[in-house]
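Since the structure comes first, as structure tokens, the remarks are kept for the end.
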Amino acid sequence: MTAPSDRPSVLFVCVHNAGRSQMAAAFLAHLAGERVEVRSAGSTPADTVNPSVVEAMKERGIDISAETPKVLTVDAVRASDVVITMGCGDTCPVFPGKRYLDWQLDDPAGQGVDAVRPIRNEIERRIRELVNELLD
């Protein structure tokens, strides 16, 4: 059995785990590195990550082309200190002692890269604030 990590852990959840939660997880992993454990999942995962999201992240120097949407599990929520939902409604299990945030963000599904950029930029801004909170 492994010892619990001293690193904070964050789980990003959206419906398809193909856009918002993938961008948030990638930004957090990029900005915090090994100092934060990062997970993302979806209540109804898509087959692939949105190509416009992949392109928009590539513009920031972050390659998420190899990422795949993952299904939300109770274990993922249980193992996380902070759970950030992005439009998944009531499908996310709630456990006492966890910090829950709900980020209202436009859904990039079916959108071109021009529409994804402002969503990406807002996610990056929120992730930078989160990194400062978690690592101060």
Side-chain angles (χ1 to χ4, degrees):
M1 190 155 143
T2 59
S5 173
D6 291 336
R7 301 181 298 163
S9 58
V10 179
L11 170 63
F12 296 99
V13 182
C14 67
V15 176
H16 300 298
N17 190 222
R20 295 165 289 188
S21 56
Q22 289 284 352
M23 286 190 282
F27 273 126
L28 184 54
H30 179 75
L31 295 170
E34 295 295 317
R35 299 175 295 167
V36 177
E37 189 174 351
V38 182
R39 297 179 182 85
S40 72
S43 52
T44 310
D47 294 329
T48 60
V49 174
N50 179 332
S52 296
V53 166
V54 172
E55 185 178 336
M57 292 302 288
K58 193 175 290 182
E59 292 175 356
R60 284 286 197 266
I62 300 172
D63 182 6
I64 62 169
S65 61
E67 294 297 324
T68 56
K70 295 164 275 312
V71 69
L72 176 63
T73 65
V74 170
D75 288 341
V77 177
R78 190 177 287 128
S80 300
D81 300 313
V82 180
V83 179
I84 300 176
T85 57
M86 304 170 172
C88 72
D90 297 329
T91 60
C92 190
V94 176
F95 292 99
K98 305 288 177 198
R99 179 177 172 202
Y100 290 89
L101 300 171
D102 185 45
W103 289 358
Q104 297 295 318
L105 297 160
D106 290 337
D107 188 347
Q111 302 292 321
V113 72
D114 288 341
V116 171
R117 284 185 189 112
I119 302 166
R120 175 204 62 200
N121 295 346
E122 177 60 16
I123 289 171
E124 181 179 15
R125 185 189 69 74
R126 292 181 189 203
I127 293 298
R128 288 183 182 282
E129 288 178 4
L130 182 66
V131 167
N132 289 336
E133 287 175 30
L134 292 174
L135 300 178
D136 271 354

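- From Ile64, atom CD1 reaches atom CE of Met23 across 7.5 Å, with rounding to the nearest 0.5 Å.
- Taking CD from Glu37 and CG from Leu11, the interatomic distance works out to 10.5 Å, rounded to the nearest 0.5 Å.
- Partners of Glu124 according to the salt bridge (Lys or Arg N to Asp or Glu O under 4.0 Å) rule, which considers only residues two or more places apart in sequence or in another chain, are Arg60, Arg128.
- Around the CD atom of Glu34, the shell of radius 6.0 Å holds no more than 12 heavy atoms that belong to other residues, nucleotides or ligands.
- The closest donor-acceptor contact from the side chain of Arg20 to the backbone of Leu105 lies under 3.5 Å.
- No side-chain heavy atom of Val131 sits under 4.5 Å from any side-chain heavy atom of Val36.
- Applying the salt bridge (Lys or Arg N to Asp or Glu O under 4.0 Å) rule to Arg35 yields no partners; only residues at least two apart in sequence or on another chain are considered.
- Pairing each heavy atom of Leu72 with each of Ala41, the nearest pair is CA-CB, 3.6 Å.
- Tested against Ile84 for a side chain to side chain contact (heavy atoms under 4.5 Å, CB included), the candidates Ile127, Leu101, Asp102 yield a single pass: Leu101.
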Check: residues 47-54 side-chain donor-acceptor pairs under 3.5 Å, at least two apart:
residue	atom	partner	partner atom	Å
Asn50	OD1	Ser52	N	2.8
Asn50	ND2	Pro108	O	3.0
Ser52	OG	Gln111	O	2.9

- Check step by step if side chain to side chain contact (heavy atoms under 4.5 Å, CB included) holds for Glu67 and Met57. CA-CA 12 Å; Glu67 294 297 324; Met57 292 302 288; over 6 Å; no

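- In terms of heavy atoms, Pro45 sits closest to Gly42 at CD-O, 3.6 Å.
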Exercise for review: May I have the step-by-step check of side chain to side chain contact (heavy atoms under 4.5 Å, CB included) for Val77 and Tyr100, ending in yes or no?
Suggested key: CA-CA 10 Å; Val77 177; Tyr100 290 89; 3.7 Å; yes

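- Among residues two or more places apart in sequence or in another chain, the salt bridge (Lys or Arg N to Asp or Glu O under 4.0 Å) test is passed with Lys58 by none.
- The two residues Ser80 and Val10 have their closest heavy-atom pair at OG-C, 4.3 Å.
- Closest of all the heavy-atom pairs between Arg39 and Ala25 is O-CB, 4.4 Å.
- In plain terms, the two heavy atoms of Met86 and Ala24 that are nearest each other are CE-CB, 3.4 Å.
- To the nearest 0.5 Å, atom CZ of residue Phe27 and atom CZ of residue Arg126 are 13.0 Å apart.
- Hydrophobic cluster membership is shared by Leu135 and Ile123, with clusters built from Ile, Leu, Val, Met, Phe, Trp and Tyr side chains linked at under 4.5 angstrom.
- Among residues two or more places apart in sequence or in another chain, the side-chain contact (heavy atoms from CB on, under 4.5 Å) test is passed with Arg117 by Glu59, Val113, Asp114, Arg120.
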### Task
Could you walk me through whether Ser40 and Lys70 pass side chain to side chain contact (heavy atoms under 4.5 Å, CB included), step by step?
CA-CA 7 Å; Ser40 72; Lys70 295 164 275 312; 3.9 Å; yes

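- Annotation: side-chain contact (heavy atoms from CB on, under 4.5 Å) contacts of Asp63 (sequence neighbours excluded): Ser65.
- Counting non-hydrogen atoms of other residues, nucleotides and ligands closer than 6.0 Å to CG of Asp107 gives a total above 12.
- Nearest heavy atoms, Asp136 versus Asn132: CG-O, 2.9 Å.
- A donor-acceptor pair under 3.5 Å is formed between the side chain of Ser9 and the backbone N or O of Asp81.
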